[in-house]
> 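Here it is: the structure, laid out below.
Both backbone and side-chain heavy atoms feed into the values below; hydrogens, waters and symmetry mates do not.
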2 protein chains.
Amino acid sequence: MDIEEVTKAFGALSQDTRLKVLSLLVETGTGGLPAGDISLALGVPQNTLSFHLSHLEHSGLINRRRAGRFIIYSANNEGMKNLLRYMVENCCDKAA
Amino acid sequence: MDIEEVTKAFGALSQDTRLKVLSLLVETGTGGLPAGDISLALGVPQNTLSFHLSHLEHSGLINRRRAGRFIIYSANNEGMKNLLRYMVENCCDKAA
DNA sequence: TCCATGTTTCTACGATAAATGAAACATGAT
DNA sequence: ATCATGTTTCATTTATCGTAGAAACATGGA
């Protein structure tokens, strides 16, 4: 994970709505949730939410798949593990 | 760590210069570095750097102490551990 | 006291991000 | 083909962030 990807991922997490989306998706698990349900759950308009979902996806923190008319979003565990790995390696005192 | 502190911390990490500052300070260890040395090491003007240092400090990721004319910055391990803890608890599939 | 050094604050401006109404697109049902 | 539903894209406005010159502040030494 290079520094550009890392800053992008942190940028994705640095906003209230997006952090809530991610928490919700992590909580929900592999099954994921359609955009509409997330919108409803968080009280964020669909178009606003769409913007944030796109942001999270481009940062590699969530995945999307289509199921009929619905687009299902779910947490991307790989992406988050990569970020955690970076933090442990670069942002923590190795001696501590 | 509440959601506001968390977004603030991620915001602090979501910028190239600040991430580099933190990496440098982590690498340097408890001894820390004066602002001028960081400025020199990263090639960032002192006033610009001062802005970012302030940002990092308010986010609880670094500490400052004065030593004579110098102001010494160092990584705040506690702050980073708190952030890591939050991530593991809220951003990772507990089942995985 | 006066000066040099290290650092921050003030100020201003260009760049980037957030929010949302309106329009468009995609899919499935009739 | 037509329509309803779920979702995104476009376009616009407003807010926030990043940068750096200039000025100010703090400390230590002569």
> Can you pull out every ring pair (Phe, Tyr, Trp, His ring centres under 6.0 Å) where at least one residue sits in residues 7-27 of chain A? Sequence neighbours excluded, please.
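Passing the test, one end in residues 7-27 of chain A: Phe10(A)-Phe10(B).
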
> Just grab all the ring pair (Phe, Tyr, Trp, His ring centres under 6.0 Å) pairs involving residues 11-31 of chain A, residues at least two apart or on different chains.
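Every pair satisfying ring pair (Phe, Tyr, Trp, His ring centres under 6.0 Å) with a residue in residues 11-31 of chain A: there are none.
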
> Under 4.0 Å from a heavy atom of chain A: give me the 5'-most and 3'-most nucleotides of DNA chain D that qualify.
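The contacted stretch runs from dA4(D) to dT9(D).
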
> Going by salt bridge (charged side-chain N to carboxylate O under 4.0 Å, His left out), name the pairs with one or both residues in residues 5-17 of chain A, residues two or more places apart or in two chains.
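Listed once each, the pairs are Asp16(A)-Lys20(A).
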
> If the condition is ring-ring contact (aromatic ring centres under 6.0 Å, His included), which residues does Tyr86(A) pass it with, not counting sequence neighbours?
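Result, ring-ring contact (aromatic ring centres under 6.0 Å, His included) vs Tyr86(A): none returned.
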
> Tell me, please, which residues at least two apart from Asn76(A) pass side-chain hydrogen bond (donor to acceptor under 3.5 Å, both in side chains).
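Partners of Asn76(A) under the side-chain hydrogen bond (donor to acceptor under 3.5 Å, both in side chains) test: none.
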
> Return the residues of residues 61-69 of chain B meeting this criterion: a heavy atom under 4.0 Å from some atom of DNA chain D. Order them by number, or give none.
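Those residues whose heavy atoms fall under 4.0 Å from DNA chain D, taken from residues 61-69 of chain B in numerical order, are Arg66(B), Gly68(B), Arg69(B).
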
> So which protein N/O to nucleotides 18-20 of chain C N/O distances come out below 3.5 Å?
{"unit_1": "dA18(C)", "atom_1": "OP1", "unit_2": "Arg18(A)", "atom_2": "NH1", "d": "3.3"}
{"unit_1": "dA18(C)", "atom_1": "OP1", "unit_2": "Arg18(A)", "atom_2": "NH2", "d": "2.9"}
{"unit_1": "dA18(C)", "atom_1": "OP2", "unit_2": "Arg18(A)", "atom_2": "NH1", "d": "3.4"}
{"unit_1": "dA19(C)", "atom_1": "OP2", "unit_2": "His52(A)", "atom_2": "NE2", "d": "2.5"}

> Throw together a table of side-chain donor-acceptor distances under 3.5 angstrom for residues 44-56 of chain A, partners on residues two or more places apart or in other chains.
{"unit_1": "His52(A)", "atom_1": "ND1", "unit_2": "Arg18(A)", "atom_2": "NH1", "d": "3.1"}
{"unit_1": "Ser54(A)", "atom_1": "OG", "unit_2": "His58(A)", "atom_2": "ND1", "d": "3.4"}

> Asp37(B) CG to dT5(C) P: how many Å, rounded?
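Taking atom P of dT5(C) as the reference, CG of Asp37(B) is at 16 Å.
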
> Not counting sequence neighbours, list each pair that qualifies as a salt bridge (charged side-chain N to carboxylate O under 4.0 Å, His left out) and has a residue in residues 53-73 of chain A.
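Not a single pair qualifies under salt bridge (charged side-chain N to carboxylate O under 4.0 Å, His left out).
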
> If you look only at pairs with a residue in residues 22-44 of chain A, which of them pass as a ring pair (Phe, Tyr, Trp, His ring centres under 6.0 Å), with sequence neighbours excluded?
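Output for this query is empty, none listed.
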
> To which residues is Ile72(B) joined in a hydrophobic cluster, defined by side-chain heavy-atom contacts under 4.5 Å among Ile, Leu, Val, Met, Phe, Trp and Tyr, whether direct or through other members?
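Phe70(B), listed by chain and number.
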
> To the nearest Å, how far apart are Leu56(B) CG and dT8(C) P?
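Distance check: Leu56(B) CG to dT8(C) P gives 12 Å.
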
> Can you tell me how far apart CG (Leu19(B)) and OG1 (Thr7(A)) are? Round to the nearest 0.5 Å.
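The CG atom of Leu19(B) sits 7.0 Å away from the OG1 atom of Thr7(A).
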
